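Below is one structure, written out as structure tokens; the observations come after it.
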Amino acid sequence: MTIEEFKTKFKEIKNKGFIPTTRKGPTGIGHTLETHLGIFENNDAHPDIEGAELKAHRTKGNSLITLFTFNNKVWKMPPLEAVKKYGSLDKDGRQGLYYTMSLKPNSAGLFLDVQKTEISVRHISGEVIATWQLQTLADRFMQKMPALLFVSAFTEERDGIEYFHFYRAQLMKGTSPELLADQFREENILVDLRLHDKGTMARNHGTGFRTYEDKLPLLFQSIIDL
DNA sequence: GGTACCTGGAA
DNA sequence: CTTCCAGGTAC
């Protein structure tokens, strides 16, 4: 799909007003938008629309936006072991490792160590949990989102079903490895561990590299409304 | 059947 | 801010 085709389709979706979700839960908004655009869900780490990555976001609240995930060969210890060692229990007694890392150690003693060429999740004991090369992350970001098509929606609940009104689409582009490396250092791009113990294995949603909506303009040089 | 990606949240 | 969390697929 081209950007122009997207503009046309988006206008139609916007004019529909509130439309019911096509999937329960947090991920419903992206699935609903893609369904109405006629795009099939995929788990390909490449852009969706003519070089632009499509992202949908609920306007309410200020939750994190996942830029991309990166897990391959970064763990310095088995993920399940990390969960058991440093995880916390959720309401159902399930052990999970759900932390947004910062430079200061968290309650589990884990922190993000940003060095010249790499960043690591470490424990105060000195143990290294996982490591990423900054250049690799910048490459990944450029591959995944040379441009970002950011779509915002109002939400409403009717009879227990969530409805979305998609009302704005913004095209953001223009970034560079140097700029991104700086953003990692300034913690405008956050590292989010998201895995839990599922018995014999760790269910890993993927270590997310994430940001807040108000930080998006720092990652791109131009933003235009479609 | 486990890993690594995708799609996204709340208090 | 941190702590905590969701439903999907390809291979």
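When reading the values below, keep in mind they use all heavy atoms of this one structure, side chains included, and skip hydrogens, waters and symmetry mates. Computed from a predicted structure; not experimentally measured. Numbered from 1 within each chain, the chains take letters A, B, ... in sequence-line order.
- Note on A:Arg203: a base of the nucleic acid sits closer than 4.0 angstrom, heavy atoms only.
- Using a 3.5 Å distance cut-off with no hydrogens or angles, the side chains of A:His36 and A:Lys16 do pair a donor with an acceptor.
- Sparse packing is recorded around CD1 of A:Ile161, with 12 or fewer heavy atoms of other residues, nucleotides or ligands lying under 6.0 Å away.
- The aromatic ring of A:His205 is stacked on the base of C:dA6, with the two ring centres less than 5.5 Å apart and the planes inclined by under 30°.
- Within 4.0 Å of A:Gly30, counting heavy atoms only, lie sugar-phosphate atoms of the nucleic acid but no base atom.
- Residues A:Arg94 and A:Leu64 both approach DNA chain C. Their nearest nucleotides, taken by heavy-atom distance, put A:Leu64 toward the 5′ side.
- Checking the phosphate oxygens (OP1, OP2) of C:dC4, a side-chain nitrogen or oxygen of A:Ser88 falls inside 4.0 Å.
- To the nearest angstrom, C1' of C:dT3 lies 17 Å from CG of A:Leu112.
- Between the side chain of A:Thr66 and the base of B:dG8 there is at least one donor-acceptor pair of N/O atoms closer than 3.5 Å.
- Checked by atom type, the side-chain pair A:Thr207/A:Asn71 shows a donor-acceptor distance below 3.5 Å.
- Picking from C:dT2, B:dG2, B:dG9 the nucleotide with the shortest atom distance to the side chain of A:Asp192 gives B:dG9.
- If A:Thr27 and A:Tyr212 are placed on DNA chain B by their nearest nucleotide, the residue sitting closer to the 5' end is A:Thr27.
- Around atom NZ of A:Lys11, no more than 12 heavy atoms belonging to other residues, nucleotides or ligands sit under 6.0 Å away.
- OP1 and OP2 of B:dA4 both lie 4.0 Å or more from every side-chain N or O belonging to A:Lys73.
- Counting to the nearest Å, the C1' atom of B:dG8 and the CZ atom of A:Phe209 are 17 Å from each other.
- At whole-Å resolution of the value, CG in A:Asn106 and C1' in C:dC4 are 12 Å apart.
- In this structure, A:His31 does not reach the B:dC6 phosphate: none of its side-chain N or O atoms is under 4.0 Å from OP1 or OP2.
- Residue A:Tyr212 belongs to a hydrophobic cluster whose other members are A:Leu64, A:Leu190, with links defined by side-chain heavy atoms closer than 4.5 Å.
- Proximity note for A:Glu34 (side chain, C-beta onward) versus B:dT7, C:dA6, C:dT2: the nearest is B:dT7.
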May I have the list of side-chain donor-acceptor pairs in residues 176-184 of chain A shorter than 3.5 Å, sequence neighbours left out?
from: A:Ser176; atom 1: OG; to: A:Glu178; atom 2: OE1; distance (Å): 3.4
from: A:Ser176; atom 1: OG; to: A:Leu179; atom 2: N; distance (Å): 3.1
from: A:Asp182; atom 1: OD1; to: A:Arg185; atom 2: NH1; distance (Å): 3.2
from: A:Gln183; atom 1: OE1; to: A:Asn188; atom 2: ND2; distance (Å): 2.7

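- As judged by a 4.0 angstrom heavy-atom cut-off over every strand, A:Lys104 is placed among residues making no nucleic acid contact.
- Of the candidates C:dG7, B:dA10, C:dT3, B:dA10 carries the atom nearest the A:Lys60 side chain, counting heavy atoms from C-beta on.
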key: Criterion ring pair (Phe, Tyr, Trp, His ring centres under 6.0 Å) on A:Phe70 and A:Phe209, from CA distance to verdict   = CA-CA 8 Å; A:Phe70 199 111; A:Phe209 289 85; 7.1 Å; no
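- One finds a side-chain N or O of A:Arg58 lying less than 4.0 angstrom from the OP1 or OP2 phosphate oxygen of B:dG9.
- Residue A:Met201 has its side chain nearest to B:dG2 when only B:dT7, C:dT3, B:dG2 are considered.
- Phosphate proximity of C:dT2 to A:Ser102: present, with a side-chain N or O under 4.0 Å from OP1 or OP2.
- Look at CG on A:Leu195: it is 15 Å from P on B:dG2, rounded to the nearest Å.
- The base of B:dG8 is paired with the side chain of A:Arg194 by a donor and an acceptor separated by under 3.5 Å.
- Mapping A:Asn72 and A:Ala56 onto DNA chain B by nearest heavy atom places A:Asn72 at the nucleotide closer to the 5' end.
- Nucleic acid contact for A:Asn71: sugar-phosphate only, since backbone atoms but no base atoms lie under 4.0 Å from a heavy atom of the residue.
- Look at A:Lys144 and you'll find a side-chain N or O under 4.0 angstrom from OP1 or OP2 of B:dT7.
- Phosphate proximity of B:dG2 to A:Lys198: absent, as no side-chain N or O sits under 4.0 Å from OP1 or OP2.
- Between the CG atom of A:Leu97 and the P atom of C:dA6 there is a distance of 14 Å, rounded to whole Å.
- Comparing A:Arg210 and A:Asn62, the nucleotide of DNA chain C nearest to each residue sits closer to the 5' end for A:Asn62.
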